[in-house]
Amino acid sequence: MSSEMLPASIESPNVEKKLGTSDGEEERQESRVDAGAEPISKRQLKKLMKQKQWEEQREQRKEKRKEKRKRKKLERRQLESTSDGNDRKRIRRDVARSSLRLVIDCSFDDLMVLKDIKKLHKQIQRCYAENRRASHPVQFYLTSHGGQLKKNMDENDQGWVNWKDIHIKSEHYSELIKKEDLVYLTSDSPNVLKDLDESKAYVIGGLVDHNHHKGVTFKQASNYGIEHAQLPLADFVKMNSRKVLAVNHVFEIILEFLETRDWQEAFFTILPQRKGAVPAHKAGESSPQDHQSLPEGWDSASEGERCRDNPDSPQKDEQGQQSSPVLQ
């Protein structure tokens, strides 16, 4: 039979399939031709296959999450049923709320880069958590909330919208609280705080500035004509550096003082002991090692900072300066 009499659909193997081309590659080539798309690389094809697999396993992952939630819920119930009375829920029933208002002023958003905004966010999270478990929680205010800080919280901590026992406001604190009730806490103030007046609203500057904006909180307090003061740190703690504390340090010191009414105990409960601070009345008796100067910004904030249990080391910026947030 001549070749002219063969059906048109029958072709030689060399025409149907190129030499050395696998069946899988041929199918992929045909699918690209059918789709009218440009050729894709093996890497892109692999990504597409992974994406398809991810979509196919969506329901399985959903079921696993449900099972995990049920397991945790059961564990919580078992823990509550065997509790000895020292659990957090039992403690919260004995809370004596303070009428003192503690305000974190977030009006310095434009003075910080994103890295410092994230540090401030971590400090605020710490303040919120400590106030929730405190025996004398304060009336917590977060003012001038917006800009980079709000955006970062929206992206990385969406649960903040459900926070309880906190007043989160976009307005400036001066619009929310009477002028005569305000006291700005700043280390540049010549006034030293001796006690806490629970009818007042104490303002903490929400700023992580790496010493680039020294005195800015004191200047703001002076411009608004409101009362200002510094914590009595020098009366109880021996340190030869600038008295700059992180937002959460100041917040926790005040919570501790409300419980103990003892400044020294409050300072040494909150401030990291490894930083070298010693009681002021013992400074003359201590060893030369105790008199070492603390680096400026020694209690500066860092992401995930836990000042009591796991304090972080001061972070240096590109110019070699150390991060010194708040209490300007």
Side-chain angles (χ1 to χ4, degrees), residues 95-105 123 126-127 129-141 181-206 217-218 221 226-286 290-301 305-309 311 324-328:
V95 161
R97 297 186 180 279
S98 171
S99 59
L100 182 145
R101 289 158 289 178
L102 203 48
V103 183
I104 296 181
D105 172 21
Q123 293 175 28
R126 175 76 183 211
C127 294
E130 290 299 325
N131 195 50
R132 288 282 291 166
R133 66 171 65 102
S135 57
H136 297 284
V138 297
Q139 309 300 313
F140 188 9
Y141 283 78
D181 290 347
L182 290 164
V183 180
Y184 213 116
L185 297 177
T186 167
S187 63
D188 293 305
S189 173
N191 308 318
V192 179
L193 200 63
K194 297 300 182 184
D195 199 358
L196 293 175
D197 183 345
E198 297 198 32
S199 68
K200 297 288 188 180
Y202 294 90
V203 184
I204 304 171
T217 54
F218 177 67
I226 63 176
E227 190 178 344
H228 47 76
Q230 62 171 287
L231 295 180
L233 192 63
D235 294 344
F236 298 93
V237 181
K238 176 63 177 178
M239 53 185 292
N240 298 320
S241 66
R242 186 165 169 257
K243 300 179 292 296
V244 181
L245 306 181
V247 171
N248 57 295
H249 285 157
V250 180
F251 197 101
E252 292 177 62
I253 286 168
I254 290 176
L255 288 178
E256 191 69 24
F257 180 78
L258 287 172
E259 183 174 350
T260 64
R261 289 291 166 177
D262 185 322
W263 281 118
Q264 180 162 303
E265 185 174 345
F267 286 133
F268 284 94
T269 299
I270 303 304
L271 299 182
Q273 293 293 321
R274 69 180 180 84
K275 297 298 184 179
V278 295
H281 69 277
K282 292 184 179 180
E285 306 169 8
S286 57
D290 292 329
H291 287 279
Q292 290 179 347
S293 296
L294 299 175
E296 189 168 351
W298 58 277
D299 53 349
S300 62
E305 177 183 12
R306 299 187 61 82
C307 61
R308 293 192 201 187
D309 306 323
S324 302
V326 283
L327 273 203
Q328 297 298 317

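These numbers were taken from a predicted model, which means no experiment stands behind them.
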*Could you check F140 against F251 for ring pair (Phe, Tyr, Trp, His ring centres under 6.0 Å), going step by step and ending with a plain yes or no?*
CA-CA 10 Å; F140 188 9; F251 197 101; 4.7 Å; yes

_A side-chain contact here means heavy atoms from C-beta on lying under 4.5 Å apart; do I204 and T217 qualify?_
no

_L102 vs V203, test: side chain to side chain contact (heavy atoms under 4.5 Å, CB included). Steps then yes/no._
CA-CA 6 Å; L102 203 48; V203 184; over 6 Å; no

*Measure the CD-CD1 distance between E252 and I270 for me, rounded to the nearest 0.5 Å.*
5.0 Å

*From F236 CZ over to F268 CZ, what is the distance, rounded to the nearest 0.5 angstrom?*
10.0 Å

_Strictly distance-based, threshold 3.5 Å: is any side-chain N or O of Q230 a donor or acceptor partner for the main-chain N or O of S189?_
yes

_If the condition is salt bridge (charged side-chain N to carboxylate O under 4.0 Å, His left out), which residues does E198 pass it with, not counting sequence neighbours?_
R261

*Can you name the nearest heavy-atom pair linking A229 to L193, along with the distance?*
CB-CD1, 4.2 Å

*Find the distance between CG (D235) and CZ (F267) and round it off to the nearest 0.5 Å.*
8.0 Å

*Are any side-chain N or O atoms of R101 and backbone N or O atoms of S199, one a donor and one an acceptor, separated by less than 3.5 Å?*
yes

*Distance, nearest 0.5 Å, that separates CZ of F257 from CG of L255*: 12.5 Å

*Heavy-atom closest contact (L245 atom, H249 atom, distance)*: CB-CB, 4.2 Å

*Is any side-chain heavy atom of I253 closer than 4.5 Å to a side-chain heavy atom of T269?*
no

*When rounded to the nearest 0.5 angstrom, what distance separates CD in E130 from CG in N248?*
8.5 Å

*Hey, is the main chain of L231 close enough, under 3.5 Å, to the side chain of W263 for a donor-acceptor pair?*
no

*Keeping the roles fixed (side chain from N191, backbone from H228), state whether a donor-acceptor pair exists under 3.5 Å.*
yes

*Do K200 and E227 have side-chain heavy atoms sitting under 4.5 Å apart?*
yes

*Whether H136 side chain and A96 backbone form a donor-acceptor pair below 3.5 Å*: yes

_Has N131 got a side-chain atom pairing as donor or acceptor with V138's backbone, closer than 3.5 angstrom?_
yes

*Are any of the side-chain heavy atoms of V247 and C127 separated by less than 4.5 Å?*
yes

_Measuring only between side-chain heavy atoms, which start at C-beta, is I254 closer than 4.5 Å to L196?_
yes

_Heavy-atom donor-acceptor pair, Q139 side chain to S98 backbone, under 3.5 Å_ = yes

*Below 4.5 Å, heavy atoms only, C-beta onward: do Y141 and I104 meet side chain to side chain?*
no

*asked:* Holding to salt bridge (charged side-chain N to carboxylate O under 4.0 Å, His left out), I want the full list of residues that pass it with D197, two or more places apart in sequence or in another chain.
replied: none

